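Inspection log for the structure reproduced underneath, given as structure tokens.
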There are 2 protein chains.
Amino acid sequence: MRAPDVTSGGDPARTLALLWREPSTAARRGPQRGLNLDAVIEAATAVTNTEGLTGLTMRRVAQELRVSPMTLYTYVPGKAELLDVMLDAAYGRMSRADTTGQPWRVRLTAVAEENRTLFETHPWTATVSTLRPPLGPGAIGKYEHELTALDGLGLDDVEMDDCLTLLLSFVQANARVAAEARATAQLTTVTDEQWWAAAGPLLARVLDPAAYPLATRVGSAAGTAHGSAHDPAHAYEFGLRRLLDGLATLIERTTPAASENS
Amino acid sequence: MRAPDVTSGGDPARTLALLWREPSTAARRGPQRGLNLDAVIEAATAVTNTEGLTGLTMRRVAQELRVSPMTLYTYVPGKAELLDVMLDAAYGRMSRADTTGQPWRVRLTAVAEENRTLFETHPWTATVSTLRPPLGPGAIGKYEHELTALDGLGLDDVEMDDCLTLLLSFVQANARVAAEARATAQLTTVTDEQWWAAAGPLLARVLDPAAYPLATRVGSAAGTAHGSAHDPAHAYEFGLRRLLDGLATLIERTTPAASENS
DNA sequence: GTCGTACGTTGTACATTGTACATCGTACGG
DNA sequence: CCGTACGATGTACAATGTACAACGTACGAC
């Protein structure tokens, strides 16, 4: 079968039951279960945190739990659903600072920071698809918490969702780049310097500064400004500032609700 | 070996030679080549456009070219490098509208739109990692073109790169969601309606509106406003507007350079 | 108590992938 | 004209998710 690496693979009802820990209706018979869902989630998350999404293997998780690979299928319908519950559990463990009464920029910055921390602690969360997010207690609690940061600013419901989506999408995109940077640094034996050492001469021969004046000038300026070709931390600072400025024109319209909370 | 789905897998010099079509130094001997790099790129791109990144298989591309799978390795060192050249070729084929003299918002909107079109025509380009972009003629030409839209606005070199990165990262993140939406719609036989039909009752039973007042209210408002749980087109419009507003505070500082070009 | 049966566990097996390797045939340089 | 470099290919292997069947366990009904 196709390797999913994507959430929401199977039966939604089964997945939801898993997420909300719905107890199975039938009476337990047969041998006692040696594990439980949370143990599987914990083991799988530990493996993925350290070895990345490509290291998440049913065999690997089973080995961690000293159990045969197929045993996992007693607790989880498949790998896709495992990712679902892993993600929801990670959402559920996020810290949720109370910023009521603070200016909206502070509140939104806190939300961004919390997500950034998630993506740093669990890099794989930045990479998995969140198109149909796992509607478990973790995800919903996260959503609720983050919406409160946008409450009382004079935005209507759809605008609140829009702003939050934009903010989170920015943080995730940034984290994805950062995660990829670390992943490629680990996987390939080629360091950035070695790469440039090997690529530089050929590039210099083939890349005519006269043909690409801006690209060569700006590219080298940006490259030397940050240490590498791209600096996710800098991009985060820059992007978040721009983004908040952009939201300001929406939030700080001439309404009384905005000014009282800004 | 691990399935890459990531660019820049191997020797940078070999990849760059491929990208810039450096002719191999040695004199050709032996049987004549039945194919060439561009034919492979074309076939691979066609396959990937229609069947997505998971459909991109060396065997599949070989079949398309009526050739045995291993033959491809004559023209390409491996799958990672194939993705590199595919990406660069796609970049090279992008349309590049001349917007000199237009207000900067128009110019940046055009850049965003061109990338959006790329991601719509070749959805897989939104999904592949672009951490170390393929420094081929396509990518560099794209970079040069896009920087011109930011030239003469009073930004320094690093700021130009920052702004462009932010803009492109936004468009890509948006396109990624859209691509995922279409992919899941194709792969799973479950439509959005079927999904909600199966998930709705259980969710209603388990999700207490009193416990999650904002989430339930805003979530349903956003869900009904757009047809589905998420509307990438709407998110694009909203996000681009906010983003340009955010860049405006940087670009329209009280400098003469900005006002003369806005 | 006894026994049937539902269920947890596991070994085996298969399809699918990227690609290493050896083989074979071809056509160019000497 | 012929040795050899090179293109094409068949075979093979490792890694993956997971279907399937076999096996053993312990609970519920009597």
Side-chain angles (χ1 to χ4, degrees), chain A residues 1-11 14 23-37 39-40 44 47-48 51-84 86 187-188, chain B residues 1-11 14 23-37 39-40 43-44 47-48 51-84 86 128 187-188:
Chain A
M1 190 188 172
R2 293 266 170 72
D5 273 11
V6 170
T7 62
S8 294
D11 179 22
R14 179 92 167 83
S24 66
T25 58
R28 291 257 77 85
R29 200 127 55 126
Q32 301 192 344
R33 325 189 91 183
L35 300 170
N36 55 60
L37 179 55
V40 176
V47 166
T48 316
E51 306 181 26
L53 258 189
T54 66
L56 175 61
T57 295
M58 300 303 271
R59 284 171 172 83
R60 183 79 181 74
V61 176
Q63 170 192 337
E64 207 74 9
L65 293 166
R66 299 165 192 287
V67 131
S68 113
M70 289 310 293
T71 302
L72 301 181
Y73 289 88
T74 310
Y75 303 92
V76 152
K79 199 190 183 186
E81 289 82 357
L82 175 56
L83 261 175
D84 269 328
M86 285 170 62
L187 275 186
T188 74
Chain B
M1 188 187 172
R2 295 266 169 69
D5 274 12
V6 170
T7 60
S8 294
D11 179 23
R14 178 91 167 83
S24 68
T25 58
R28 291 258 78 85
R29 201 131 52 131
Q32 302 194 343
R33 322 189 93 183
L35 299 170
N36 55 61
L37 179 55
V40 175
V47 166
T48 316
E51 305 180 26
L53 258 189
T54 67
L56 176 61
T57 296
M58 300 303 271
R59 286 171 170 83
R60 182 79 182 73
V61 176
Q63 170 191 337
E64 208 74 8
L65 293 167
R66 298 165 194 287
V67 133
S68 115
M70 288 311 292
T71 301
L72 301 180
Y73 288 86
T74 309
Y75 303 92
V76 152
K79 199 190 181 185
E81 290 81 357
L82 175 56
L83 261 175
D84 270 328
M86 284 170 64
V128 294
L187 275 186
T188 74

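Remember, it's a predicted structure, so these values are computed and weren't measured experimentally. Chain A is the first sequence line, chain B the second, and so forth, proteins listed ahead of strands; every chain is numbered from 1.
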Gap between atoms CD and C1', on Glu81(B) and dG18(C) respectively (whole Å)
12 Å

Separation of atom CZ in Arg66(A) from atom P in dT10(C), rounded to whole Å:
13 Å

Quick one: Leu56(B) CG to dT17(C) C1', roughly how many Å, whole number?
11 Å

Please tell me if Arg29(A) has a side-chain N or O lying less than 4.0 Å from either OP1 or OP2 of dT5(C).
no

Do the side chains of Met86(B) and Leu56(B) get nearer than 4.5 Å, heavy atoms only?
yes

Scan Thr57(B) against the nucleic acid and name what it touches under 4.0 Å (heavy atoms): base, sugar-phosphate only, or nothing.
sugar-phosphate

The side chain of Arg59(A) lies closest to which of these nucleotides: dG25(C), dA13(C), dG24(D)?
dA13(C)

N/O (side chain, Tyr75(A)) to phosphate O (OP1/OP2, dT9(C)) under 4.0 Å
yes

So which nucleotide from dG18(C), dC7(C), dG17(D) ends up closest to the side chain of Lys79(A)?
dG17(D)

Residue-phosphate contact under 4.0 Å: Thr71(B) side-chain N/O, dT9(D) OP1/OP2
yes

Does Gln63(B) reach the side chain of Thr57(B), with side-chain heavy atoms less than 4.5 Å apart?
no

Are any of Thr74(B)'s side-chain N or O atoms less than 4.0 Å away from OP1 or OP2 of dA8(D)?
yes

Result for 5'-nearest mapping on DNA chain D, choosing between Met58(A) and Met70(A), is Met58(A)

If we ignore hydrogens and angles and just use 3.5 Å, is the side chain of Arg14(B) paired with the main-chain N or O of Glu81(B) as donor and acceptor?
no

So, OP1 or OP2 of dC20(D): does either fall under 4.0 Å of a side-chain N or O from Tyr73(A)?
no

Backbone N or O of Val40(A) within a donor-acceptor pair of the Tyr75(A) side chain at under 3.5 Å?
no

